[in-house]
Protein chains: 2
Amino acid sequence: MAAPPTIKEIAKRANVSIGTVDRVIHKRGKVSKKNQKLIEDIMSELNYTPNVNGRNLSLNKTYKIALLIPEEIDDGYWSAPLEGVKKAQNIFRSSNLAVHYYLYKKDVEESFQEKSNKILNDDCDGVIMAPQLYNEANLFLRKCAERSLPFVLIDFNLSDMEPLTYIGQNAFQSGRLAGELLSLGKNESSTFLVMNITGKGDKNVIFRRRIEGFQSYLNEKLKDFKVEVFSIFAGDIALKQKINEKIQKVIPDLSAIFITNSKSYLIADCLPQNESIRVLGYDLLMKNRALLKDGKIQMLIHQRPIDQGYMAVECMYQYLVTKQKPPEEIVIPLDIVTPENAMFY
Amino acid sequence: MAAPPTIKEIAKRANVSIGTVDRVIHKRGKVSKKNQKLIEDIMSELNYTPNVNGRNLSLNKTYKIALLIPEEIDDGYWSAPLEGVKKAQNIFRSSNLAVHYYLYKKDVEESFQEKSNKILNDDCDGVIMAPQLYNEANLFLRKCAERSLPFVLIDFNLSDMEPLTYIGQNAFQSGRLAGELLSLGKNESSTFLVMNITGKGDKNVIFRRRIEGFQSYLNEKLKDFKVEVFSIFAGDIALKQKINEKIQKVIPDLSAIFITNSKSYLIADCLPQNESIRVLGYDLLMKNRALLKDGKIQMLIHQRPIDQGYMAVECMYQYLVTKQKPPEEIVIPLDIVTPENAMFY
DNA sequence: TAATTTGCTGTGTACGCACACACTATTACG
DNA sequence: CGTAATAGTGTGTGCGTACACAGCAAATTA
């Protein structure tokens, strides 16, 4: 096990000083062509990689990473990536990484703008964000790109902004999975009810893709069935009433309910307590967990929000500290959660 | 954002030299009680953590981690943790971590002994292993404990050996989950067939626990059912024939088949092609993936072997490099894999 | 020709820590 | 009383890198 080559070693072989080698490594010029070439050759021959400890010690720089996500209010979704980030911080803390939180009020443009401006002023080295408010997010990311401030996106991708990495799921396939799980063991002709309860700042793109996937699966595998899509605004005053009406109307041959996002808990009371009607939703919020436990919902698709937060920091570490390029996209698996495996997620 | 406290800073506050502080940190004694206390107080007040870069630079030590698992031969299970280890290596490479592979011939005691002895001679700093050969593993781990060589166990726990960390699943709950998934949508009276195909070096303990969990779930939730457990040695010459006979015997009211380990692929040909008979097995080997795709199996429980490898290295990093204590146990979630989400695992 | 610029190179220091070593009091003992 | 052991303390060096700075010769300018 040969000791890894050092700057000193290279300098000795090239018969120059470490300063000259350093100039080559950092491409600061002011080196004669002859030496330039010589040193480069030796470096590639020895397969030189800078010692990270030495580098960081000498730079003595703590990279500042901004986390820009909605603040936790009622539903618990955004506390999960935060938890993952904290976990990662704990592991990478000793490695010159500091994460600063910029939590804005969900769906409030002004709050987003305020926090995102703060990031630009605070001279950060990287941004981790979930693009909730589409327009504002775009505007902000454009500014980041201008200053060549690297950013990692979680939850939803804006691929034309060319993020360092996107971490999230495949919405279409997630819908297909829902179709598979809800039709499992059901052969008789029946109706599938899709509940699309949308909040203000929600990215309907995702939900739409999920529904498309859902229908794609059923079309492919089932013969005699009906799909009814029911979209409604989460803030609707008569929410529960309208949903109840809808369910009553289709219940005679209702086979399963597909709730396209994490909002299952909003309609818990409306769900039929008929054993043969299967219900599937998204995300392991505390309230949704309770529904699983009570048997009101049979399955949830889990997006690993904690891991998303963790991996985002990991990517930043890779990029900033070890100077490696993280993968362009990390696809989160579609975890199926039932009462019997919920405790592990 | 105050700069993190350094040894120098502490020394200044305590009015001593950095040497004295150093002695306190490393508990090397030779410090007066008064100063000892004073320095400890200041350290906890400032919440001092040594700078990892400085430490490692000065130690200039590359930690050598031994990976002791079966070599990849026919089935692909053990290539997965290896892959995870490599992934982790890539990320932590720059951090004084080197993993050395000690791959032994599966189920061959002599090979295990040879490799494990090599580890002891090679002066490693940590061991990652999967305890396959029970007696040999015990013997080896005892020697590790003697030399206070830390080890992380994956896949199967020997908790009385007090590993640094155990990474794996809960076998009992995994059986319960199998019960839930196989009985989903089945109310009529029916028979559940449990296929327990054991290899030579296999740890039947795990399979037994899985079966117990399976039965526990059915007893709790179903009324009218029968469970038949069929155990057989994987090397049995008449394997397929015997299994075929068994299946034919129960097929009239056979509802589902539970294969207790990764060996589904061995009996692929025997599986009934009846849509209403659901089959569930373990582990995403290539061959099992094919069964999923062909519809011969509906579900697999995934043990995240890649992650197990990755996390094992991560634990070692935490323990050796950053000197933090990793969690005693990391419970791997019970992932449910179906044809529609298999591509993400 | 002297003065200045330019191109290239080497030196020195800092970063935070670990550890070997040297040093000073204090105490013990013959 | 002198020598030796001992407890407690400070100093110095090295780890590998980054970067400011100084130096020095050749080329250019005044």
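Protein chains get the first letters and strands the later ones, always in sequence-line order, with residue 1 at the start of each.
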Original post:
For dC15(C), does OP1 or OP2 lie under 4.0 Å from any side-chain N or O of Thr6(B)?
Top reply: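 Indeed not, no polar side-chain atom of Thr6(B) lies that close.
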
Flag the pair [X] and [Y] as a salt bridge only when some basic side-chain nitrogen lies within less than 4.0 angstrom of an acidic carboxylate oxygen.
{"X": "Asp335(B)", "Y": "Arg304(B)", "result": "yes"}
{"X": "Arg142(B)", "Y": "Glu146(B)", "result": "no"}
{"X": "Glu114(A)", "Y": "Lys118(A)", "result": "no"}

Interatomic distance where [atom1] belongs to [X] and [atom2] belongs to [N] [whole Å]:
{"X": "Ile10(B)", "N": "dA18(C)", "atom1": "CD1", "atom2": "P", "value": "11 Å"}
{"X": "Lys8(B)", "N": "dA18(C)", "atom1": "NZ", "atom2": "P", "value": "15 Å"}
{"X": "Asn56(B)", "N": "dC19(C)", "atom1": "CG", "atom2": "C1'", "value": "15 Å"}
{"X": "Asp22(A)", "N": "dC8(C)", "atom1": "CG", "atom2": "P", "value": "17 Å"}
{"X": "Arg28(A)", "N": "dT9(C)", "atom1": "CZ", "atom2": "C1'", "value": "13 Å"}
{"X": "Lys27(B)", "N": "dA18(C)", "atom1": "NZ", "atom2": "C1'", "value": "16 Å"}
{"X": "Ile18(A)", "N": "dA14(C)", "atom1": "CD1", "atom2": "P", "value": "15 Å"}
{"X": "Asn60(A)", "N": "dT13(C)", "atom1": "CG", "atom2": "C1'", "value": "14 Å"}

**OP:** Using a 4.0 Å heavy-atom cut-off across all strands, classify Leu57(A) as base, sugar-phosphate, or nothing.
**Re:**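 The answer is base, as Leu57(A) lies within the cut-off (heavy atoms under 4.0 Å) of a base atom.
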
Subject >> Identified salt bridge (charged side-chain N to carboxylate O under 4.0 Å, His left out) counterpart of Asp125(B) within the set Arg147(B), Lys64(B), Lys61(B) >> reply: Lys61(B)

Subject >> Closest non-hydrogen atom pair, Tyr102(A) against Cys124(A) >> reply: OH-SG, 4.0 Å

Subject >> Considering all heavy atoms, the nearest Phe151(A)-Cys144(A) contact >> reply: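 It is CD2-CB, 3.9 Å.
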
**OP:** Have a look at Phe140(A) and tell me which of Asn135(A), Asn117(A), Leu133(A), Leu120(A) forms a side-chain contact (heavy atoms from CB on, under 4.5 Å) with it.
**Re:**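 Result: among Asn135(A), Asn117(A), Leu133(A), Leu120(A), Leu120(A) is the only option passing the side-chain contact (heavy atoms from CB on, under 4.5 Å) with Phe140(A).
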
Subject >> Sole candidate of Ile128(A), Ile154(A), Asn157(A), Val152(A) that passes side-chain contact (heavy atoms from CB on, under 4.5 Å) when paired with Pro163(A) >> reply: Asn157(A)

Original post:
Within 45° of the ring axis of Tyr310(B) and under 6.0 Å from its six-membered ring centre, is that where the NZ or CZ of Lys87(B) lies?
Top reply: yes

Original post:
Quick one: how far along DNA chain D does chain A reach, first to last nucleotide 5' to 3', anything under 4.0 Å to a heavy atom?
Top reply: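 So the contact region on DNA chain D extends dC15(D) to dC19(D).
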
**OP:** Give me the bend of the helix from dT1(C)-dA30(D) to dG30(C)-dC1(D), using the axes of the five pairs at each end, rounded to 10°.
**Re:** 60°

**OP:** Assess the side chains of Gln318(B) and Glu314(B): does a donor N or O sit below 3.5 Å from an acceptor N or O?
**Re:** no

Original post:
Can you tell which of dG16(C), dC17(C), dT9(C) lies closest to the side chain of Val31(A)?
Top reply: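 Output: dT9(C).
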
**OP:** Find which nucleotide of DNA chain D each of Lys30(B) and Leu59(B) is nearest to by heavy atoms, and output the residue with the more 5' nucleotide.
**Re:**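 The residue closer to the strand's 5' end, by nearest nucleotide, is Lys30(B).
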
Subject >> Pairwise 5' ranking along DNA chain D for Ile7(A) and Asn15(B), keeping only the more 5' one >> reply: Asn15(B)

Original post:
Short question: side chain of Thr6(A), backbone of Glu9(A) - any donor-acceptor pair under 3.5 Å?
Top reply: yes

Original post:
So, do Arg55(A) and Asn53(B) sit near enough that their side-chain heavy atoms are less than 4.5 Å apart?
Top reply: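 In short, these two side chains do not touch, never coming nearer than 4.5 Å.
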
Check nucleotides 20-26 of chain C against the protein and report each pair of N or O atoms closer than 3.5 Å, with its distance, or say if there are none.
none

